[in-house]
Amino acid sequence: MEQHRSLQELMAVRREKLEVLRRMRVEVFGGRYEVDGSVGEVVNGFEVGRVVRVAGRVTAHRDMGKSHFLDLWDFSGRVQVYVNEKEVERRLLEVLRLVDIGDFLGVCGEFFLTKTGERTIRVKEMEFLTKAMRPLPDKWHGVVDVEKRTRQRYLDLIANERSREIFEKRIRIVRLVRRFLEERGFVEVETPMLQIVAGGAAATPFRTHHNALDVDLYLRIAPELYLKRLLVGGMTKIFELNRNFRNEGISRRHNPEFTMLEAYWAFADFEKMSELVEEMICTVAEEVCGGLRIEHRSEDGEVKRVINLERPWRRAKYRDLVEEAVPGWFDLTVEERRQKALGMGLDLTHCQEDYEVTQHVFEKLVEEKIVDPVFVTHCPKELIPLAKLNKADPSTIEVYELIANGQEISPGYSELNDPDLQRKRFEEQSGGEKQKLDEDFLVALEYGMPPAGGMGLGIDRLVMMLTGAETIRDVIFFPHLRPEGQ
RNA sequence: GGGUUGAUAGCUCAAUCGGUAGAGCAGUGCCCUUUUAAGGCAUUGGUUCUGGGUUCGAGUCCCAGUCAACCCA
């Protein structure tokens, strides 16, 4: 990469300017600079004649000979600054000649309106704050290359407005989710990321080792079993919003580390949790998207999908949805179901059990086709060992699976708190395999965990739904890519 | 893991049948006192992802590899 001569030449030009600036005793990589706020804040406080101090990256330089217009930019916005040769000291002009696009400047001056009505700062003083040694991407086309946009996210953020908007929304969504729960009396807690037994979900964990204790540890695949211990400990409304890790494939919807909200509410049940999540998502959507009709647009601005979040959201039984997609499905024998699924072109190589075949049909023919949110209830008990059985139909469990935008967004359970039944369900799930049980968790249950509702919410997927991002890597600052080989 | 497609200047993209690798922006020099994708004139810049092969000649064809995207598992 460093061998490209033309890049080296561009960098050499900047390095030379750096040397000239140093000879002029300019502190090129400056320090503290008092500003009146971010660029966006300062420009929003516009008032003709007001003297302001602001700092930012130079993203454009329109040189008119005796007058110059520069754009100063940061994540919050851009502001135009104006330098008139007659109005400033010669030294400032000498420094200005050495400013490249990409450099950081601090300026002080008075606000005025240009002929075309643009709010502009008439520069009196200017301070060099940082020189960019490398050229920035094209000011108009930005960075398009997907690989570059993720490996060098900072360039993507500088160059691409759409990307900035998505991450701005993500930041607001996370803040609003926290605020929503806190306003309802939930407290945020932190539980181990390094776990002796990776429990709370069925997934392959990342493995690591603690040297001092000489024990193998796993990065958590879910915080569930620790949060429940806190219910045992007397906490009644808790949540954790942080990263989970799963050592599995990377896809449009999967990143090895992803952000998950889990909340537990003592003496509630899955239905109460479904109402909570429904209200939470609507509250967030109204604030972030300005309404409950979420429009997903393609690059050229065309609406390609609308998600309607108007309440109440549909609630439907798992069995009915499968039956809707494949009439007569449950009248077939186990073998007939397998044949039928194969006949529909589904790959069943990873489906051993009958319920897995049905689940595969559910994922492909129901889940992926759902756009507006649906709470799927009465799921088969084999899918989730941590939820209470349905009293009226013990082959199903007291859960909801919230599906929207073609993917699972949030599960919620009436949490199983019978320690003997919990042990049995764990053992059934491991299916004879020597999967380790979290015995400490079972001990905690034996001390008594209050009945409770619990829910999870995939934050990355929520952000995808509310921003219309097509892939998870567009909503994670630094998604995982294979390192570039050398 | 399998299939398909892609990788050309700092960035965004061209290059017809295998025949001198080009443009815009950025950069450099000059002109210009309200521009905003500023403008005008001139100009620099290339290991065409890497390594082999075919050929008089390869960005283009073949083989292997790297990375990525999409689809499938």
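Chain identifiers are assigned alphabetically (A, B, ...) following the order of the sequence lines, protein sequences preceding nucleic acid strands; residue numbering begins at 1 within each chain.
Taking only side-chain atoms of A:Arg151, from C-beta outward, the nucleotide of B:U34, B:C67, B:C32 with the closest atom is B:C67. When each of B:U12, B:U35, B:A69 is scored by its nearest atom to the side-chain atoms of A:Asp145, the top-ranked nucleotide is B:U12. Nearest nucleotide to the A:Glu147 side chain, out of B:A37, B:C67, B:U34: B:C67. With B:U34, B:U12, B:A26 as the choices, the nucleotide that has an atom nearest any side-chain atom of A:Thr114 turns out to be B:U34.
Two residues, A:Val143 and A:Lys86, neighbour RNA chain B, and the one matched to the more 5' nucleotide by heavy-atom proximity is A:Val143.
Annotation: cation-pi pair A:Arg319/A:Phe330 present, NZ/CZ under 6.0 Å from the ring centroid and within 45° of its normal. Judged by the 6.0 Å distance and 45° axis criteria, A:Arg243 is not positioned over the aromatic ring of A:Phe258. A cation-pi contact, defined as under 6.0 Å to the ring centre and within 45° of the axis, links A:Arg122 to A:Phe112.
The gap from the C1' atom of B:G39 to that of B:C32 amounts to 9 Å, rounded to the nearest Å. A gap of 26 Å separates the P atoms of B:U44 and B:A58, to the nearest Å. Taking atom C1' on both B:C13 and B:A21, the two are 13 Å apart, rounded to the nearest angstrom. Going from the P atom of B:C62 to that of B:G6 covers 11 Å, rounded to whole Å. Look at the C1' atom in both B:C72 and B:G18: the space between them is 35 Å, to the nearest Å. Comparing the P positions of B:A7 and B:G53 gives an interatomic distance of 23 Å, to the nearest angstrom. Across the C1' atoms, B:G51 and B:U66 are found 11 Å apart, a figure rounded to whole Å. Separating the C1' atom of B:U54 from that of B:A15 is a span of 23 Å, rounded to the nearest Å.
As the counterpart of B:A7, B:U66 is assigned, both hydrogen-bonding distances of the Watson-Crick or G-U wobble pattern falling under 3.5 Å. Under the Watson-Crick or G-U wobble criterion, with both distances below 3.5 Å, B:G59 has no partner in any strand shown. When Watson-Crick and G-U wobble pairs are counted only if both distances are under 3.5 Å, B:U48 pairs with no nucleotide at all. Base pairing annotation: B:G29 forms a Watson-Crick or G-U wobble pair with B:C41, both donor-acceptor distances under 3.5 Å. If you check B:U12 for Watson-Crick or wobble pairing at under 3.5 angstrom, you find it paired to B:A23. Across all strands shown, B:G1 pairs with B:C72; the Watson-Crick or G-U wobble distances both stay below 3.5 Å.
The pair A:Lys364-A:Glu368 counts as a salt bridge, with a side-chain nitrogen and a carboxylate oxygen less than 4.0 angstrom apart. Between A:Asp216 and A:Arg207 there is a salt bridge, since a side-chain N of the basic residue sits under 4.0 Å from a carboxylate O of the acidic one.
The shortest distance between the side-chain N/O atoms of A:Arg62 and the OP1/OP2 oxygens of B:U35 is not below 4.0 Å. Within the structure, a side-chain polar atom (N or O) of A:Lys17 is placed less than 4.0 Å from OP1 or OP2 of B:U28. Distances shorter than 4.0 Å separate some side-chain N or O of A:Lys148 from OP1 or OP2 on B:C11. Distances shown here put a side-chain N or O of A:Arg473 below 4.0 Å from the OP1 or OP2 atom of B:A69.
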Margin query: Is there a side-chain hydrogen bond (donor to acceptor under 3.5 Å, both in side chains) between A:Tyr318 and A:Gln359? Walk through the geometry before answering.
Written below: CA-CA 9 Å; A:Tyr318 182 87; A:Gln359 173 62 10; 2.6 Å; yes
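Looking at heavy-atom distances under 4.0 Å, A:Arg149 makes no contact with the nucleic acid at all. Using a 4.0 Å heavy-atom distance criterion, A:Glu85 is classed as making no nucleic acid contact.
Residue-to-nucleotide contacts include a donor-acceptor pair under 3.5 Å from the side chain of A:Asp138 to the base of B:G24. Interface remark: the A:Gln80 side chain does form a donor-acceptor pair with the B:U35 base, using a distance-only criterion of under 3.5 Å. For a distance-only test at 3.5 Å, the side chain of A:Lys115 fails to qualify as a donor-acceptor partner of the base of B:U35.
Using the six-membered ring where Trp is involved, A:Tyr400 and A:Phe375 have ring planes that are perpendicular, over 60° apart on the 30 and 60° scheme.
In B:C17 the base sits syn relative to the sugar, since the glycosidic angle is no further than 90° from 0.
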